[in-house]
Amino acid sequence: MVSVFAQFAPRLQEAIVARLGWTSLRPVQELAGEAMLAGKNAVVLAPTAGGKTEASMFPTLSNLVSDQPEGVGALYIAPIKALLNNQAERLGNYTEMVGLRRFVWHGDTTSHERTVFLRDSCELLMTTPESLEVMLVSQSVDSKALFGDLRIIVIDEVHAIAGSDRGAHLMSVIERLAKISNHDIQRVGLSATVGNPDEILRWLQGSSQREGCVVDPPKKASRRQLLVTHRQDLATLAFDAARMSQGQKSLFFCQSRSVSEAVAEHMRRAGTAVFVHHSAVSKEERQLAEHEFNSGSNACIVCTSTLELGIDVGDLDRVLQAEAADTVSSFLQRMGRTGRREGQATNTTFFCLSLIHISEPTRLRRISYAVFCLK
């Protein structure tokens with residue numbers, strides 16, 4: 001039986017060995033590669049840092065190298081700009097090593113950069129759902145010339161979009177692309193946490209006539225630690241969080257920007273090296289926080305959901321959470337950022353400010369259901 005690696009374009013095989021130094025593929029990459037090379041639509045499941053990006057990109061690049069497209073041949077769609085920016089260098093390296101190019105188009109992309117791209121497009125386009133629609137309705141974009149040879153769409157963190165109004169909007173945009181393209185566009189969704197992959201796959205399929213499959217390799221059993229604590233006020237909460245995170249790398253998730261700013265200030269007063277990461281923080285400050293945190297070993301990023309998705313901030317020791325996440329999938333996504341090192345348990349510590357009363361059971365239900373899901 002021919003291996004998945006042997007089915008990749010020779011140029012890609014050489015680059016994986018020579019440039020990346022890889023000697024084998026992970027199970028999720030083997031299974032996803034087999035499905036995608038067979039032309040199937042797929043939902044690919046693997047933990048954070050489990051190799052999902054490569055699982056989808058290697059077969060995609062093999063397709064583009066073997067038969068170079070006219071215009072954009074592949075779309076990589078992410079729910080937030082920060083994830084696109086975080087993946088830009090990695091996907092730039094992967095395309096460059098096989099002689100292809102990628103372009104990132106979102107709200108921060110300058111008009112000059114967009115003009116240059118439209119004049120000489122790249123094989124891989126990275127964008128958000130909203131920016132993709134802007135391109136389709138823009139009079140300056142020749143949609144047929146740009147997307148007429150589109151073959152593959154990869155949606156990262158698909159669980160954050162599927163089943164929502166935003167997801168319905170994205171699917172309508174993809175169906176418009178399906179009418180423009182000369183191909184039955186292959187559709188691939190990536191996720192670390194989703195409890196209904198078959199439903200996600202049906203949603204993703206849309207009008208595509210391709211066969212679909214769920215790629216979900218067996219996962220190693222891991223230890224999990226969950227702690228729920230109560231504190232009287234925000235200052236005490238932040239002080240105890242600072243003490244708990246001392247000498248470790250941690251993410252502290254808060255449910256609002258105002259709470260994250262207040263928690264960060266209290267933690268700084270307690271002597272902790274703290275960075276803040278949310279949508280109102282400038283792009284430069286967010287990137288600095290990600291870079292400094294990545295290279296350090298004794299720091300905490302206080303953040304909102306901006307760091308929930310697949311942005312790489314390295315190996316974490318702890319995840320802290322003020323109150324409870326809005327959904328169980330958010331909780332599992334955040335918790336999954338820990339436990340990457342051998343022998344380390346995945347963990348989350350909840351800091352609750354108020355006692356849960358019968359009249360306000362929502363937070364308690366969220367936490368209780370999250371604990372139930374771990375059993």
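Worth saying up front: this structure is predicted, and the values here are computed from it rather than measured.
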Backbone of [Y] reached by a side-chain donor or acceptor of [X] within 3.5 Å:
| X | Y | result |
| --- | --- | --- |
| T95 | G92 | yes |
| S138 | S140 | yes |
| S66 | S62 | yes |
| D233 | T236 | yes |
| E175 | S207 | yes |
| T128 | S131 | yes |

Should [X] and [Y] count as side-chain neighbours, where that means a heavy-atom distance under 4.5 Å?
| X | Y | answer |
| --- | --- | --- |
| V214 | D198 | yes |
| L100 | Q68 | yes |
| S24 | E30 | no |
| F117 | T109 | no |
| L237 | F252 | yes |
| S208 | I185 | no |
| V65 | F8 | no |
| P197 | D216 | no |

Value for CD (E70) from CG (L146), rounded to nearest 0.5 Å, stands at 12.0 Å

**Asked** Rounded to the nearest 0.5 Å, how far apart are CD1 of I16 and CG of L25?
**Response**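 Those atoms lie 6.0 Å apart.
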
Verify the distance criterion only: is there a donor paired with an acceptor across the side chains of [X] and [Y] at less than 3.5 Å?
| X | Y | value |
| --- | --- | --- |
| S330 | E308 | yes |
| R151 | N63 | yes |
| S282 | E285 | yes |
| T304 | Q255 | no |
| N182 | K144 | yes |
| S191 | H159 | yes |
| T53 | Q87 | yes |

Can a salt bridge be assigned to the pair [X] and [Y] using a cut-off of 4.0 Å between side-chain N and carboxylate O?
| X | Y | answer |
| --- | --- | --- |
| E14 | R19 | no |
| E157 | K52 | no |
| R26 | E54 | no |

Measure across [X] and [Y] and return the closest heavy-atom pair with its distance rounded to 0.1 Å.
| X | Y | result |
| --- | --- | --- |
| K40 | C213 | CD-SG, 4.1 Å |
| N347 | D317 | ND2-O, 3.0 Å |
| R257 | A280 | NH1-CB, 3.6 Å |
| W203 | G163 | NE1-N, 4.2 Å |
| C254 | V302 | SG-CG1, 3.8 Å |
| Q333 | A192 | OE1-CB, 3.8 Å |

| request: Kindly indicate, with the supporting measurements, whether the criterion side chain to side chain contact (heavy atoms under 4.5 Å, CB included) is fulfilled by T349 and R318. | output: CA-CA 8 Å; T349 299; R318 287 188 178 276; 4.1 Å; yes

If hydrophobic clusters are built from ILVMFWY residues whose side chains come within less than 4.5 Å, do [X] and [Y] share one?
| X | Y | value |
| --- | --- | --- |
| M97 | M126 | yes |
| W22 | L31 | yes |
| L37 | L64 | yes |
| V154 | L84 | yes |
| V141 | V116 | no |

Original post:
Hey, mind stepping through V72 and E123 against side chain to side chain contact (heavy atoms under 4.5 Å, CB included) and telling me if it holds?
Top reply: CA-CA 5 Å; V72 174; E123 293 81 9; over 6 Å; no

Side chain to side chain contact (heavy atoms under 4.5 Å, CB included) between L150 and I180, intermediate numbers included
CA-CA 9 Å; L150 179 65; I180 294 172; over 6 Å; no

Chi angles and distances behind the ring pair (Phe, Tyr, Trp, His ring centres under 6.0 Å) call for F58, F5:
CA-CA 9 Å; F58 286 168; F5 182 83; 8.7 Å; no

Can you see whether F253 has R334 sitting over its ring - NZ or CZ less than 6.0 Å from the centre and within 45° of the normal?
yes

Problem set entry | side-chain hydrogen bond (donor to acceptor under 3.5 Å, both in side chains) partner of N41, chosen from Q186, Q205, R187 |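 Among the candidates, only Q205 passes.
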
Taken in chain and number order and not counting sequence neighbours, the residues that satisfy side-chain contact (heavy atoms from CB on, under 4.5 Å) with R166 are P79, P129, E130, S164

| Strictly under 6.0 Å, is that where the ring centroids of F350 and F331 end up? |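 Centroid separation for F350 and F331: below 6.0 Å.
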
* Asked: Counting only heavy atoms not in E113, do more than 12 fall under 6.0 Å of its CD?
  -> yes

What do you reckon, is CG of D165 surrounded by more than 12 foreign heavy atoms closer than 6.0 Å?
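No - once you tally the heavy atoms of other residues, nucleotides and ligands closer than 6.0 Å, there are 12 at most.
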
Next on the checklist: Show, in sequence, the C-alpha distance, side-chain angles and deciding distance for C352 and R231, and conclude whether the side chain to side chain contact (heavy atoms under 4.5 Å, CB included) test is met.
Outcome noted: CA-CA 6 Å; C352 300; R231 295 296 181 268; over 6 Å; no

